[in-house]
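Inspection log for the structure reproduced underneath, given as structure tokens.
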Amino acid sequence: MQSERIPPASGGPRRLLPVAVAAASLLLSACGGGERGVSSEEVVFGTFAPMTGEYAALGNLARAMSAYFEAVNANGGVHGRNLRLSLKDDQNDPAQTPDLVRELIGREQIFALVGGMGSANCLAVKDYVLANGVPWVTPGSSARIWTEPFNRVTFSILPTSITAAHVVTRYALSELGVTRIAALAEDTPFGTQGLEGYRLGVRGFYQDVQDALPEGLEVRFARIASRPRRPRTDDPASEGWHEIPRSGAGVLWRSERRDGGSWERPEPAPEDVGARRIPKDGAGVEAALAAIKESQADAIVIWGVAEFGAVVAQAIEADEDWDPMILGSFAMADPLAITLAGDALEGAVVASTTPDLTLAADTFNEVQGILREHAPDVPFGDYAMLGMAWAQLAVEGLERAGPNLTRIGFVEALETLDNWQGLLGHPVSFNDENHRGYDAVTLKRVEDGAFVTLTDWLSE
């Protein structure tokens, strides 16, 4: 039996070991003997989520997964086996997650993991899971590390934070008339990934401007230190009146050069006025927002869980002299965020991991029916849709693997998905070189206390 000690999360060449061990473990599991977590009556999956504590609402994803498995069981299971989900409550505390996952894999001998909430929590057990060759269907983390570089046992249909933040930032600059944009993220791996995507979104917008120029024109973006200037007149209506910029502030200009000619008169372009991080509990939010307000930002990208987003949005609403546009992470796309923030999120544009949920689609009716029957306390929204979509993906793998179920057979079965249509409506494809099914989000706006879909699926 392999050691249950969790390897270090970082280090030199040792980071390659879990991947090699995972492949060996998969091969061994296919060479006779009973497969772990599989009997003639059932298949046992495991997951972890905050079922209690400050972030217990995230547990609705796990409750939705369990409800989907119960619905499958009510219809005869998969190849004659019922599905059981062993759910561990880590209270969103990464320090608790390793012991719980050790229990799932070492003592309970689960067949595979499904979900598991939080980037920091998933990262805390990543090497251990890989070293034990346990298939992991969509870790609840938006980091690219789960599928890049490639490993054999992990599959994901959760968009990355980098892509999502990139999309929402670029959309704000190109479609919403934003002139000065900033970002505020929770100081966690999830928040850090969002800030990376935010910066890529700003750069992507500038590249869009460059690409849209007619042939023969060039564009130059430059940050020019402004100097205080005395107004020519005290009358703002006068053409000679100039607003005095702050001393030392940076002003971003755009200018075009004609064919063989000189640079045209500069025009202001949207400017990134800074990205900041604060603790996940929102400590220091007033000081961070004061600095962003001082930079004259007219839009702010908030990257964090629903609870974090609500705290920031309410702090913004409390300032009667500042009304920036709010843009948010896909963790803020669930009705929970509106419940927590109230009117403070009205008009906000958020990335979302689901399509338009207001449609009378058969898939959405199916999810709502399962919730009514098996999880009546779980509200219909992004969290419920994601949980069921992840569980559905695991079930599809079991169906394709056939009655003689092994871990390697399960992995190979998932690798046959080619433009498969699941609950989320985006085609999913895997193969033996790529285990990221897709990486795209939709954008939604909060209108009259509900999410209204603005776009179809968007990616970088």
Side-chain angles (χ1 to χ4, degrees), residues 2-22 25 45-59 61-62 65 85-110 112-149 151 153-156 158 160-162 185-196 277 279-281 303-305 307-308 329 331 386-387 390 435:
Q2 296 187 38
S3 169
E4 295 177 16
R5 182 180 64 83
I6 295 182
S10 62
R14 294 184 63 186
R15 291 183 62 84
L16 299 176
L17 179 60
V19 178
V21 175
S25 179
F45 291 95
T47 195
F48 52 89
M51 307 305 294
T52 59
E54 184 178 358
Y55 303 102
L58 280 173
L61 281 101
M65 283 193 290
L85 181 66
S86 182
L87 200 168
K88 303 298 183 183
D89 178 13
D90 66 359
Q91 298 185 318
N92 205 229
D93 178 4
Q96 296 187 40
T97 312
D99 284 343
L100 298 177
V101 171
R102 246 194 312 262
E103 184 176 350
L104 287 170
I105 294 175
R107 185 172 69 81
E108 297 187 24
Q109 297 280 294
I110 62 168
L113 279 170
V114 183
M117 290 312 300
S119 285
N121 308 68
C122 291
L123 289 169
V125 298
K126 171 180 174 287
D127 286 353
Y128 177 70
V129 175
L130 295 184
N132 280 272
V134 178
W136 197 345
V137 177
T138 305
S141 165
S142 57
R144 284 179 169 164
I145 194 173
W146 303 106
T147 55
E148 300 175 19
N151 75 75
V153 298
T154 309
F155 297 81
S156 181
L158 180 65
T160 65
S161 274
I162 294 173
E186 61 180 48
D187 193 10
T188 64
F190 179 58
T192 300
Q193 295 150 23
L195 291 186
E196 181 179 347
R277 287 182 292 182
K280 187 176 181 178
D281 61 7
W303 213 262
V305 295
E307 292 83 354
F308 177 86
S329 74
L386 279 181
W390 299 351
H435 283 186

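Of all heavy-atom pairs spanning G194 and S161, the tightest one is N-CB, 3.9 Å. Contact between A62 and L87 at its shortest, heavy atoms only, is CB-CD1, 3.5 Å. P135 and G133 get closest at one heavy-atom pair: CD-O, 3.4 Å. The minimum heavy-atom distance between W136 and G115, with the atom names listed, is NE1-O, 2.7 Å. Here the closest heavy-atom approach between residue N151 and residue V153 is recorded as OD1-N, 3.0 Å. Smallest separation of non-hydrogen atoms from L104 and L113: CD1-CD2, 4.1 Å.
Put simply, the side chain of I110 reaches to within 4.5 Å of the side chain of I105, judged on heavy atoms. The side-chain heavy atoms of Y55 and M117, taken from C-beta on, include no pair separated by under 4.5 Å. For the pair Q193 and T160, the minimum side-chain heavy-atom distance is 4.5 Å or more.
One finds the NZ atom of K126 at 4.5 Å from the CD1 atom of I145 (value rounded to the nearest 0.5 Å). Here the straight-line distance linking atom CZ of R277 with atom OG1 of T192 works out to 4.0 Å at 0.5 Å rounding. The distance from atom CH2 of W303 to atom CD of E196, rounded to the nearest 0.5 Å, is 12.0 Å. With rounding to the nearest 0.5 angstrom, the CG atom of L386 is 6.5 Å from the CG atom of L158. Within the model, atoms CG of D93 and CZ of F48 stand 12.0 Å from one another, a figure rounded to the nearest 0.5 Å. Summarising the geometry, atom CZ belonging to F308 is positioned 9.0 Å from atom OG belonging to S329; distances are rounded to the nearest 0.5 Å.
Evaluation of the salt bridge (Lys or Arg N to Asp or Glu O under 4.0 Å) test over residues 138-149, restricted to residues two or more places apart or in two chains, returns R144-E460. Within the structure, salt bridge (Lys or Arg N to Asp or Glu O under 4.0 Å) pairs that include any residue of residues 113-124 do not occur (at least two apart or interchain).
For S141, the side-chain hydrogen bond (donor to acceptor under 3.5 Å, both in side chains) partners at least two apart in sequence or on another chain are S119, W146. Applying the ring pair (Phe, Tyr, Trp, His ring centres under 6.0 Å) criterion to F155, with sequence neighbours excluded, gives F430, H435. For the side-chain contact (heavy atoms from CB on, under 4.5 Å) test, residues two or more places apart in sequence or in another chain that qualify with L85 are F45, T47, M65, S66, F69. Taking the side-chain hydrogen bond (donor to acceptor under 3.5 Å, both in side chains) definition, one finds that W390 meets it with nothing, sequence neighbours left out. Partners of D89 by salt bridge (Lys or Arg N to Asp or Glu O under 4.0 Å), not counting sequence neighbours: none found. Scanning for side-chain hydrogen bond (donor to acceptor under 3.5 Å, both in side chains) contacts around Q91 gives T52, Q96, with sequence neighbours left out. Residues satisfying the salt bridge (Lys or Arg N to Asp or Glu O under 4.0 Å) test with E108, not counting sequence neighbours, are K88. Shown here are the side-chain hydrogen bond (donor to acceptor under 3.5 Å, both in side chains) partners of D90, two or more places apart in sequence or in another chain: T97, N121.
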(request) Walk me through it: do V305 and E186 pass the test side-chain contact (heavy atoms from CB on, under 4.5 Å)? (result) CA-CA 8 Å; V305 295; E186 61 180 48; 3.7 Å; yes
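No donor-acceptor pair under 3.5 Å is formed between the side chain of N132 and the backbone N or O of V134.
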